[in-house]
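Indexing begins at 1, ligand by ligand and atom by atom, following the structure's order. The structure presented is a predicted model; accordingly, all values stated were derived computationally and were not measured.
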Amino acid sequence: MTSDMQNHPALAPGQIGRLHLENRYVLAPMSRASATEDGVPTLEMAEYYARFAQGGFGLLIAEGAYPQGTLSQSYANQPGLCTDAHQNGWADIASAVHKEGGKIVLQLIHAGAVSQVADQPKAPSAIQPQGQMLQMYGYKQGPYAVPEPFSEAEVLDVKAGFVQAAIRAQKAGMDGVEVHCANGYLLDQFLTPEMNTRAAPYGGSVENRIRLTCEIIAEIREVCAADFLVGVRLSQAKATQPDYFWQGGAKDAKIIFKAVKSAGADYIHIASEIKGYEYHCTSTDGTKLTSFARDVTGLPVIANGGLNEPELAAKVLSENEADFLAIGKSAMVNPDLPSRIASGLMPRAFTFDVFSKGVSIMGQREWEEQTRLLSTEA
Ligand SMILES: Cc1cc2nc3c(=O)[nH]c(=O)nc-3n(C[C@H](O)[C@H](O)[C@H](O)COP(=O)(O)O)c2cc1C
């Protein structure tokens, strides 16, 4: 295994848009609830992200930042990107990552109906999300509220919020942004017929339901530099409905993938939370969504879900199912994952004990000091 690992296909260089990447390992976006109360990213976050660049990750996708005040905010201590102070905090992070030779894209995420912060959440339609608010993340708890539907004018404000945040991300020195249309958050609520009973232009057909995401991508593409990446994250599963699959299978997937490509996306990132890549990157009609996205768009595809496992990762890359691997939980205990694989070392095992002192960076640091996990090679 050791010599195989040193020739692992994830160690080959790659390219997204005009950005050259040293290898195929991408840090998956992970909310660490470590910003100040009013959403300003901290120097502690800059150190945290720099650690993944030092460890050799080809690209980092920083955790979802909210683009439009508390209405768009998901959790307590989530970072935002709608004020100068937010922008300056992200500039420190981009600079710390670049100093280590890394590349960094920032995810932009609007909570919509699943906000644990807004007094009255707003969403495509007045439909209560299933499940309970996420306990680890603070502020409100219990069942989600019934959201108020956005007016047509407010939908335009949402779009403007994403575009302004992308402009700020570029000013902060980020290499790009990732538009979050996944996991049951606002743009995915628009895409999901059970959450969106609106009429045209943003409800009805799948073309209409993906329209807002596409308009956001297209406007960002228009106002930002040509070498500034604009990616999109999609998923079948939702935090609120882990067993959700796209109703129209490959037929809908083709429309969605082609639409985001025409809007100007540089890459497609397909998330597979909880049940992993094989389960959630496959549609109900048996189509592997990652390779299908590559085939119908020609765009680079980032796959996600348990791809820290070297054999599965090698299969995904060598069988051309995807071009890049986004590593989530395992990266928390393997910030040096690419360097480890290059040295023939297996990844350290992730355990949910990492969150025993809370989901924040500080909580993890306390846990690391207690377990000394990262100072051993076991
Ligand atoms: C603590 C935590 C925070 C997360 N925050 C985000 C986020 O901000 N945006 C997002 O799109 N996904 C988020 N995710 C999902 C991950 O990006 C990823 O899809 C998931 O962990 C599955 O990948 P893995 O099997 O490599 O962990 C989060 C996951 C975890 C565990």
Are H280 and F245 an aromatic pair by the rule of ring centers under 6.0 Å?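 So the answer is yes for these two rings.
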Quick one: NZ on K171 to CD on Q87, what's the gap to the nearest 0.5 Å?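 Rounded to the nearest 0.5 Å, the NZ-CD separation comes out at 6.0 Å.
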Y66: which residues meet the ring-ring contact (aromatic ring centres under 6.0 Å, His included) condition with it, sequence neighbours left out?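 Result, ring-ring contact (aromatic ring centres under 6.0 Å, His included) vs Y66: H86.
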Could you list each N/O atom of ligand 1 together with any protein N/O atom closer than 3.5 Å, one pair per line with the distance?
| from | atom 1 | to | atom 2 | distance (Å) |
| --- | --- | --- | --- | --- |
| ligand 1 | 5 (N) | S31 | N | 2.8 |
| ligand 1 | 8 (O) | S31 | N | 3.4 |
| ligand 1 | 8 (O) | S31 | OG | 2.7 |
| ligand 1 | 8 (O) | G64 | N | 3.3 |
| ligand 1 | 9 (N) | Q107 | OE1 | 2.7 |
| ligand 1 | 11 (O) | Q107 | OE1 | 3.3 |
| ligand 1 | 11 (O) | Q107 | NE2 | 3.0 |
| ligand 1 | 11 (O) | H180 | NE2 | 3.2 |
| ligand 1 | 11 (O) | R233 | NH1 | 2.7 |
| ligand 1 | 12 (N) | P29 | O | 3.4 |
| ligand 1 | 12 (N) | R233 | NH1 | 2.9 |
| ligand 1 | 14 (N) | P29 | O | 3.4 |
| ligand 1 | 17 (O) | P29 | O | 2.7 |
| ligand 1 | 17 (O) | R233 | NH1 | 3.3 |
| ligand 1 | 17 (O) | R233 | NH2 | 3.2 |
| ligand 1 | 19 (O) | R233 | NH1 | 3.4 |
| ligand 1 | 19 (O) | R233 | NH2 | 3.0 |
| ligand 1 | 19 (O) | N304 | OD1 | 2.7 |
| ligand 1 | 23 (O) | N304 | ND2 | 3.0 |
| ligand 1 | 25 (O) | G306 | N | 2.8 |
| ligand 1 | 25 (O) | K329 | NZ | 3.4 |
| ligand 1 | 26 (O) | G328 | N | 2.8 |
| ligand 1 | 27 (O) | K329 | N | 2.9 |
| ligand 1 | 27 (O) | K329 | NZ | 2.8 |

Hydrophobic clusters join Ile, Leu, Val, Met, Phe, Trp and Tyr when side-chain heavy atoms are under 4.5 Å apart, directly or via other members; which others share one with M362?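 Grouped by the 4.5 Å side-chain rule, M362 forms a cluster of one, so the answer is none.
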Indicate whether the side chain of Y25 and that of N334 have a donor and an acceptor atom separated by less than 3.5 Å.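 Absent: no donor and acceptor within the cut-off.
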Residues two or more places apart in sequence or in another chain: which of them pass salt bridge (charged side-chain N to carboxylate O under 4.0 Å, His left out) with R211?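 R211 satisfies salt bridge (charged side-chain N to carboxylate O under 4.0 Å, His left out) with no residue once adjacent residues are dropped.
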